[in-house]
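Reminder, nothing fancy here: chain letters follow the sequence lines and each chain counts from 1.
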There are 2 protein chains.
Amino acid sequence: MRLTEKGIAAALKHHGYKLTPQRRVVIGAITASPDHLTPADIYRKVHKEHPNIGLTTIYRTLEILASLELICELHAGGSGRSYTIGAPEHHHHIICSSCGAVVDFSSYDISPLEAKLSRETGFEIEGHLLEFTGRCRRCRQNA
Amino acid sequence: MRLTEKGIAAALKHHGYKLTPQRRVVIGAITASPDHLTPADIYRKVHKEHPNIGLTTIYRTLEILASLELICELHAGGSGRSYTIGAPEHHHHIICSSCGAVVDFSSYDISPLEAKLSRETGFEIEGHLLEFTGRCRRCRQNA
DNA sequence: TCTCTAAATGAAAATGATTATCATTTATAT
DNA sequence: ATATAAATGATAATCATTTTCATTTAGAGA
Ligand SMILES: [Mn+2]
Ligand SMILES: [Mn+2]
Ligand SMILES: [Zn+2]
Ligand SMILES: [Zn+2]
């Protein structure tokens, strides 16, 4: 049930955002790639065909798409966000420290832990970040 | 079994690092505070007594201490690292989105999940990041 | 204690990602 | 077709971190 380019565009309009050529281009780039892309990645991918699009606009478009949960935002370790076409179910990531590949996993429900923490610490939990780093099979074999 | 100022200094020397006044000052600041401090926090704390210490040196010292696992490095969500005197046991963090307070918790063992993921994805897991965000009791009451 | 040298320091500039500004353009409701 | 609020993009600003490099210094050895 992967979101399509059209579907994302429709959702944008539905939420009152204008459907500009620049936004179409960003949506196109992100639906076309299975990878997690940084704003700069998208800028590069798109710049040949559409030299008139600004990096700022890419940031802004990604921010909107993420806020509508149409794409999935990833804060890998230190610096740099990246985005990928949103899988509707909540999931987490494993990131290869060698090649940067990102693998999703969803086979884990964190809510019991949340409830326990909330009880023990008095926090009202709003969100969480669960990420693993490691070396993917391929990188391990090449070494 | 909290590390002492002397203990950290000794460990530094043991690993071949010189024990400079600047490093003593950074170690002193970090052992004196129960909080997670950013490099800039430490710079401010220290600057009255030691106006001659550079922020660069604080960054460098913290990097060394973290690499020796004498202090604990925290990448909170988006931008900005912070450090605290290293608790020897592995633990995770809950961060208040309103006031920035950080609370540790260690009542959770993530290794079964690691083993499962390793089996399912072929990754050799090297590390992980588990962080919760929420609103602490105090901030919740003030609102 | 004196000397020597690799290691450490810090001022300053560079970097890199992200955000703010603001004059100009444009998507769309009417 | 028009009006207008929203969107764009060039540019500059931020902010954390890193690099550079000339100068200082901790600590090993004479
Ligand atoms: Mn994902
Ligand atoms: Mn901690
Ligand atoms: Zn890999
Ligand atoms: Zn709080």
What are the two closest heavy atoms between Leu19(A) and Ala9(A), and how far apart are they?
CD2-CB, 3.7 Å
Could you check whether any side-chain heavy atom of Leu74(A) comes within less than 4.5 Å of a side-chain heavy atom of Thr84(A), counting everything from C-beta outward?
no
Extract all donor-acceptor atom pairs below 3.5 Å that involve side chains of residues 41-59 of chain A and protein atoms in other chains or at least two apart in sequence.
| from | atom 1 | to | atom 2 | distance (Å) |
| --- | --- | --- | --- | --- |
| Asp41(A) | OD1 | Thr38(A) | OG1 | 3.4 |
| Asp41(A) | OD1 | Arg44(A) | NH2 | 2.7 |
| Asp41(A) | OD2 | Thr38(A) | N | 2.9 |
| Asp41(A) | OD2 | Thr38(A) | OG1 | 3.1 |

Heavy atoms under 4.0 Å, any strand shown: does Pro21(A) hit a base, just sugar-phosphate, or nothing?
sugar-phosphate
Is it true that a side-chain atom of Arg23(A) and a backbone atom of Lys18(A) form a donor plus acceptor pair closer than 3.5 Å?
yes
Think Thr20(B) has a side-chain N or O under 4.0 angstrom from the OP1 or OP2 of dT9(C)?
yes
Any Arg23(B) side-chain nitrogen or oxygen under 4.0 Å from OP1 or OP2 of dT9(C)
yes
Rounding to an integer number of Å, can you tell me how far Leu12(B) CG sits from dA7(C) C1'?
13 Å
Where the side chain of Leu55(B) is concerned, which of dG9(D), dG10(C), dT17(D) is the nearest nucleotide?
dT17(D)
Do Tyr17(A) and Leu65(A) touch side chain to side chain, with heavy atoms closer than 4.5 Å?
no
Counting just side-chain N and O atoms, does Arg81(B) come under 4.0 Å of either OP1 or OP2 of dT17(D)?
yes
Atom pairs, protein N/O to nucleotides 21-24 of chain C N/O, distance under 3.5 Å:
none

Arg24(A) CZ - dT26(C) C1' separation (whole Å):
13 Å
So, does Lys18(B) get its side chain near the phosphate of dT9(C), meaning an N or O under 4.0 Å from OP1 or OP2?
no
Earlier contact from the 5' end, DNA chain D, for Tyr17(A) and Pro39(B):
Tyr17(A)
Working for side chain to side chain contact (heavy atoms under 4.5 Å, CB included), residues Cys136(A) and Phe123(B)
CA-CA 4 Å; Cys136(A) 72; Phe123(B) 270 66; 3.6 Å; yes
Quick check on the helix from dT1(C)-dA30(D) to dT30(C)-dA1(D): what's the angle between its two end axes, five base pairs per end, to the nearest 10°?
30°
Nearest-Å distance, CD1 (Ile58(A)) to P (dA7(D))?
16 Å
Below the 4.0 Å mark, does dA27(C) have OP1 or OP2 next to a side-chain nitrogen or oxygen of Lys13(A)?
no
Nearest whole Å is fine: how far is dT9(C) C1' from Ile64(B) CD1?
12 Å
So, Ser67(A) side chain and Ile64(A) main chain: donor-acceptor pair closer than 3.5 Å or not?
yes
Give a yes/no answer on whether the side chain of Gln22(A) brings an N or O atom under 4.0 Å of OP1 or OP2 in dA7(D).
no
Scan side-chain atoms only and decide if His93(A) and Asp104(A) contain a donor-acceptor pair under the 3.5 Å cut-off.
yes
Could you check whether any side-chain N or O of Thr31(B) sits under 3.5 Å from a backbone N or O of Gly28(B), counting only pairs where one atom can act as donor and the other as acceptor?
yes
Contact nearer the 5' end of DNA chain C, comparing Gly16(B) with Tyr43(B):
Gly16(B)
